[in-house]
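Just so we're on the same page: letters track the sequence lines, and every chain starts at 1. Computed over heavy atoms, backbone and side chain alike; hydrogens, waters and symmetry mates excluded.
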Protein chains: 2
Amino acid sequence: MINNKNEFYLKAFGKHLRKLREDRLLSQENLANDSDIPINQIGRIERGEINTTVNTIYSISKALRIEPKELFDFKFKG
Amino acid sequence: MINNKNEFYLKAFGKHLRKLREDRLLSQENLANDSDIPINQIGRIERGEINTTVNTIYSISKALRIEPKELFDFKFKG
DNA sequence: TATTATACACACATATATGTGTTATTATTT
DNA sequence: AAATAATAACACATATATGTGTGTATAATA
């Protein structure tokens, strides 16, 4: 994801995921284990480095015990 | 996306997108033009063939004039 | 200082989403 | 039946997400 037009949206998405995770007192490792997604991938998503997919969103939301749509429940001006 | 464990979620996601589009009386071609995403890609997403990304979700939601989270606002048992 | 926990930063191979083009199918209308 | 519109179904090249491994950086704690 180099210089994508939606880079700021990905940053906001990652920041929101990080908040949801930290609010639940989970480490990246905890979430990685619970979602069966590599910890490096969790970090890349939280830093907004990559443009993750519906399946990954679904897996993460299950691990966080929230609805997938909550991962998009943040303010963004674009 | 061959035989993915989340294939049913992708099918449900695509079905929901199709409904949102049809409710607005838009053709796939209309949505493709408005979102600047190839019509073939729209079709593949609606059929649940591919595991689309946050950026694509964001572009589609803007074209539909809805919030990205609405694309995940459907029931699913998994 | 040393240890531990957490997050970041690389590299690499593989799978797959994207983007483009073309053709086929299906449904609707004339 | 023929024409048109909408969707599906192919093929292909390219970009990139994923998955894995290894190493580094930082902060907190003993």
Side-chain angles (χ1 to χ4, degrees), chain A residues 1-64 68-69 71-72 74 78, chain B residues 1-64 68-69 71-72 74 78:
Chain A
M1 184 60 44
I2 300 172
N3 220 7
N4 189 284
K5 62 175 175 164
N6 290 334
E7 62 174 312
F8 297 115
Y9 190 76
L10 295 182
K11 293 282 188 197
F13 180 86
K15 187 173 176 179
H16 180 58
L17 167 58
R18 176 161 293 182
K19 173 164 172 39
L20 291 171
R21 175 179 60 79
E22 290 180 342
D23 285 351
R24 286 160 181 75
L25 304 180
L26 295 171
S27 65
Q28 288 185 346
E29 190 174 26
N30 294 150
L31 179 56
N33 289 336
D34 294 350
S35 62
D36 204 35
I37 291 168
I39 184 172
N40 282 4
Q41 195 72 349
I42 301 291
R44 285 182 284 204
I45 295 164
E46 289 190 355
R47 292 192 296 277
E49 291 178 2
I50 59 172
N51 177 21
T52 194
T53 66
V54 170
N55 276 342
T56 298
I57 288 163
Y58 180 64
S59 294
I60 288 175
S61 71
K62 278 206 297 187
L64 292 176
K69 64 182 170 187
L71 285 171
F72 290 88
F74 60 91
Chain B
M1 181 61 42
I2 301 168
N3 218 6
N4 189 285
K5 62 174 173 164
N6 289 334
E7 63 175 312
F8 298 116
Y9 190 76
L10 295 183
K11 293 281 187 199
F13 180 85
K15 186 173 177 181
H16 180 59
L17 168 58
R18 175 161 295 182
K19 174 166 171 37
L20 291 172
R21 174 178 62 78
E22 290 179 341
D23 284 351
R24 287 162 182 73
L25 305 180
L26 295 171
S27 66
Q28 288 184 347
E29 190 175 25
N30 294 149
L31 179 55
N33 289 336
D34 294 350
S35 62
D36 204 34
I37 291 167
I39 184 172
N40 282 5
Q41 195 72 349
I42 301 291
R44 285 182 284 203
I45 295 165
E46 289 190 354
R47 292 192 297 277
E49 292 177 2
I50 60 172
N51 175 22
T52 193
T53 66
V54 170
N55 277 341
T56 298
I57 288 163
Y58 180 64
S59 295
I60 289 175
S61 71
K62 279 205 297 187
L64 291 175
K69 65 182 170 187
L71 285 170
F72 290 89
F74 59 93

**Request:** Return the 5'-most residue of the pair B:G43, B:T53 with respect to DNA chain D, ranking by each residue's nearest nucleotide.
**Result:** B:G43
**Asked** In terms of heavy-atom contacts, does CD of A:E29 have more than 12 from other residues, nucleotides or ligands at under 6.0 Å?
**Response** no
**Asked** Roughly how far, to the nearest 0.5 Å, is the NZ atom of A:K69 from the NZ atom of B:K69?
**Response** 8.0 Å
**Message:** Using C1' atoms of five pairs at each end, report the bend of the helix from C:dT1-D:dA30 to C:dT30-D:dA1 rounded to 10 degrees.
**Reply:** 40°
**Complete:** Numerically ordered, the residues 19-34 of chain B set in heavy-atom contact under 4.0 Å with DNA chain D is B:R21, B:S27, B:Q28
**Message:** What is the distance, to the nearest angstrom, from the CD atom on A:E46 to the C1' atom on C:dT6?
**Reply:** 11 Å
**Complete:** Side-chain contact check for A:R47: nearest option of C:dA17, D:dA17, C:dA9 is C:dA9
**Fill in**
Rounded to whole Å, the CD1-C1' distance (A:I37 to D:dT18) equals 10 Å
**Message:** So, OP1 or OP2 of D:dT18: does either fall under 4.0 Å of a side-chain N or O from A:T56?
**Reply:** yes
**Request:** Apply the test side chain to side chain contact (heavy atoms under 4.5 Å, CB included) to residues B:I57 and B:F13: give CA-CA distance (whole Å), side-chain angles for both, the deciding distance (0.1 Å), then the verdict.
**Result:** CA-CA 11 Å; B:I57 288 163; B:F13 180 85; 4.0 Å; yes
**Prompt:** Atom CD of B:E49 and atom P of C:dT18: how far apart are they, to the nearest Å?
**Reply:** 12 Å
**Item:** Short side-chain to backbone donor-acceptor contact, A:N30 and A:S27, under 3.5 Å
**Value:** yes
**Complete:** Between B:R47 and B:K11, the two heavy atoms sitting closest are O-NZ, 3.1 Å
**Request:** Give the ring-plane orientation class for A:Y58 versus B:Y9, where under 30° counts as parallel, over 60° as perpendicular and anything between as tilted.
**Result:** parallel
**Asked** For the pair made of CD1 in B:I50 and P in C:dG19, what is the distance, rounded to whole Å?
**Response** 10 Å
**Complete:** In short, B:P38 meets B:A32 closest at the heavy-atom pair C-CB, 4.1 Å
**Request:** Grab the CG-P distance between B:N55 and C:dT18 for me, whole Å please.
**Result:** 9 Å
**Prompt:** About how many Å separate CG of B:L31 and CD1 of B:I60, when rounded to the nearest 0.5 Å?
**Reply:** 5.5 Å
**Message:** In whole Å, I'd like the distance from the CD1 atom of A:I60 to the P atom of D:dG19.
**Reply:** 10 Å
**Request:** Quickly work out the B:I45 CD1 to C:dA17 P distance and round it to whole Å.
**Result:** 10 Å
**For the student: nearest non-hydrogen atoms of A:H16 and A:F72, plus distance** = CD2-N, 4.5 Å
**Request:** Over all heavy atoms of both residues, which pair between B:S35 and B:S59 is shortest? Give the atoms and the distance, please.
**Result:** CB-O, 3.7 Å
**Request:** Show the numbers, then the answer: is there a side chain to side chain contact (heavy atoms under 4.5 Å, CB included) between A:N6 and B:V54?
**Result:** CA-CA 9 Å; A:N6 290 334; B:V54 170; over 6 Å; no
Between protein and nucleotides 25-29 of chain C, what N or O pairs are separated by less than 3.5 Å?
none

**Message:** In this structure, how many angstroms lie between the P atom of C:dT18 and the CG atom of B:N51, rounded?
**Reply:** 8 Å
**Fill in**
d(B:I45 CD1, B:R18 CZ) to nearest 0.5 Å is 11.5 Å
**Item:** Minimum heavy-atom distance between A:R21 and A:E46, given as atom pair plus value
**Value:** NE-OE2, 2.6 Å
**Asked** How long is the gap from CG on B:L17 to OG1 on B:T56, to the nearest 0.5 Å?
**Response** 11.0 Å
Give me the distances for all protein-to-nucleotides 24-30 of chain D N/O pairs that come in under 3.5 Å?
none

Using a cut-off of under 3.5 Å, enumerate the N/O to N/O pairs linking the protein to nucleotides 20-22 of chain D.
unit_1 : atom_1 : unit_2 : atom_2 : d
D:dT20 : O4     : A:N40  : ND2    : 3.4
D:dG21 : O6     : A:N40  : ND2    : 2.1

**Prompt:** Is it true that a side-chain atom of A:N51 and a backbone atom of B:N55 form a donor plus acceptor pair closer than 3.5 Å?
**Reply:** yes
**Prompt:** Residues two or more places apart in sequence or in another chain: which of them pass side chain to side chain donor-acceptor pair (under 3.5 Å) with A:D34?
**Reply:** none
